[in-house]
Amino acid sequence: MASTEEDGSVEEKENNNKKRTKSAIAVAWLTFYNIAMTAGWLVLAMAMMRFYIQKGTHKGLYKSIARTLKFFQTIALVEVVHCAIGIVRTSVIVTGVQVCSRIFMVWFITNSIKQIQNEESVILFLAVWTFTEITRYSFYTFNLLNHLPYFIKWARYNMFIIMYPLGVAGELLTIYTALPYVRKTGMLSMRLPNKYNVSFDYYYFLVIVMLSYIPLFPQLYFHMLRQRRKVLLGEIIVEKDE
Amino acid sequence: MKHYEVEILDAKTKDKLCFLDKVEPNATIGEIKSMFHKSHPQWYAARQSIRLDPKGKSLKDEDVLQHLPVGTTATFYFRDLGAQISWVTVFLTEYGGPLLLYLMFYFRAPFIYAPKYDFTTSKHWVVHLACMCHSFHYLKRLLETLFVHRFSHGTMPLRNIFKNCTYYWGFAAWMAYYINHPLYTPPTIYGEQQVRIALIIFLFCQVGNFSIHIALRNLRPPGSKTRKIPYPTKNPFTWIFLLVSCPNYTYELGSWFGFTLMTQCLPVAFFTAVGFIQMTVWAKGKHRSYLKEFRDYPPLRSPILPFVL
């Protein structure tokens with residue numbers, strides 16, 4: 001998205017013929033980061049399973065893992081920086097949107113609305129996230145070490161087919177369940193009159209967020225399907241001209 | 001005089017799209033585009049990008065065939081830029097919207113606020129002032145589009161009009177809703193003095209912005225696409241050229257800053273901030289191309305904010 005007022009035609013990316021080799025420090029840091037994140041989400045997975053096995057219920061599970069979840073999910077913000085400084089070749093915006101939506105779910109929904117913390121939908125998306133993140137971070141780790149076991153590659157590019165819709169279902173159900181509590185408490189909302197001459201209704205904001213899944217989810221899903229065809233099946237896909 | 005042969009290939013598929021023989025050596029790319037259009041009527045000249053290399057830069061309409069690094073059989077690559085729309089059309093639409101939308105909120109048209117407020121007017125004089133300033137600003141922009149600006153490109157991609165209108169119309173509606181709201185609170189920090197200073201800043205920057213537009217227009221003779229370094233003129237408002245490459249953006253930022261101060265409205269502050277970011281990106285780009293094109297470009301100048309940015 002580079003069209004500007006000055007150049008009305010679609011801006012062409014300058015052809016960069018320099019070979020992009022990552023510095024050793026970048027590789028070392030990324031390897032460390034991805035190992036740490038894999039470990040973190042593994043810890044989360046095990047803590048969740050242990051709680052359920054010991055207590056036999058999911059009530060109170062969120063509370064027991066809340067701190068660990070908040071820590072590891074928030075740290076993921078650094079991945080946006082990785083893209084920005086170029087040591088990871090992904091769009092800053094795509095990564096930013098993904099991380100922000102996670103941060104939003106954790107801090108602005110689950111963490112702040114205590115009444116929904118024991119909902120099944122929370123366990124659903126937590127389970128999906130945990131599985132997905134362990135696969136993703138171990139994939140990156142092995143890639144950086146140049147020893148990628150096929151089953152990890154297989155998992156990364158196949159499990160999303162059911163994980164993604166399940167995760168979306170968990171998230172949407174959670175937000176939906178939270179709505180009445182948001183309305184009742186008027187949390188994060190601002191009404192007129194006030195000296196900033198602005199108003200914000202968190203309830204309607206959440207409704208809009210839920211609706212935005214409709215255009216956004218298919219786009220991300222089909223993007224992953226395309227990646228899958230390219231990586232696993234070796235298909236050469238001619239990119240549609242923008 | 002030996003004639004050229006021109007073949008045009010699709011930049012992506014490398015298919016032969018068009019073959020022109022007996023082309024004059026002094027034919028321009030623009031003329032070649034017209035010829036190409038005849039064989040492919042769906043691709044009018046404005047949506048053709050003709051280049052020497054499939055991934056290279058577009059050639060200019062003014063480029064002459066015999067001055068290009070090609071043999072007597074020239075091969076060009078074509079890329080479809082997509083449906084195009086004229087700059088003038090886009091500007092008129094994207095500026096006309098805010099002008100009209102704001103007035104709808106100002107006059108409190110039905111279905112915006114509670115029915116008991118329909119067609120009432122605000123009791124705060126700053127609200128009337130804000131309406132005059134906002135309307136003046138967009139009227140000025142419309143008139144400049146029609147009579148002042150000289151555009152380098154005739155057209156831009158069609159999808160831009162949807163993007164641009166969403167931005168301008170959306171923000172205009174958002175700002176207008178709060179400023180003209182029955183529960184609007186006039187500036188509280190410094191009250192009337194704040195509004196007065198804000199108005200002075202706003203008017204100063206409107207005149208400044210207009211002066212820059214006139215100065216830039218005078219750099220370029222009508223119908224030409226020449227590029228020259230802008231310099232300060234007799235008009236004191238243009239003396240800022242000593243310190244800044246794109247003072248039109250500097251003044252524009254100043255105007256909206258003044259309007260923010262005047263209305264003390266957070267959505268206006270947001271609009272100013274977003275506009276500032278976008279204009280800074282454009283200013284930096286323009287500054288860079290000035291530096292690339294002109295060896296003797298004044299070193300003291302910054303893109304948009306003197307010494308700072």
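Side-chain atoms are counted along with the backbone in the values below, which use heavy atoms only and exclude waters and symmetry mates. Per chain, numbering begins at 1; letters A, B, ... match sequence-line order.
Listed here is the closest heavy atom pair of B/Y178 and A/S199: OH-OG, 2.6 Å. Across A/P193 and B/T185, no two heavy atoms sit closer than the pair CB-OG1, 3.9 Å. Nearest heavy atoms, B/Q264 versus A/K195: NE2-O, 3.1 Å.
Surrounding OH of A/Y196 are at most 12 heavy atoms belonging to other residues, nucleotides or ligands under 6.0 Å away. The number of heavy atoms from other shown groups lying within 6.0 Å of CD1 (A/I93) does not exceed 12. Around CD1 of A/I25, the count of heavy atoms belonging to other residues, nucleotides or ligands within 6.0 Å does not exceed 12. Crowding of B/F151 atom CZ: a count of heavy atoms from other residues, nucleotides or ligands under 6.0 Å exceeding 12. Heavy atoms from other residues, nucleotides or ligands lying under 6.0 Å from OH of A/Y157 number more than 12.
Ranked by heavy-atom pairs under 4.5 Å with chain A, the list B/G82, B/C265, B/P186 is led by B/C265.
At a 4.5 Å heavy-atom cutoff, the contact between B/T263 and chain A is made by backbone atoms alone.
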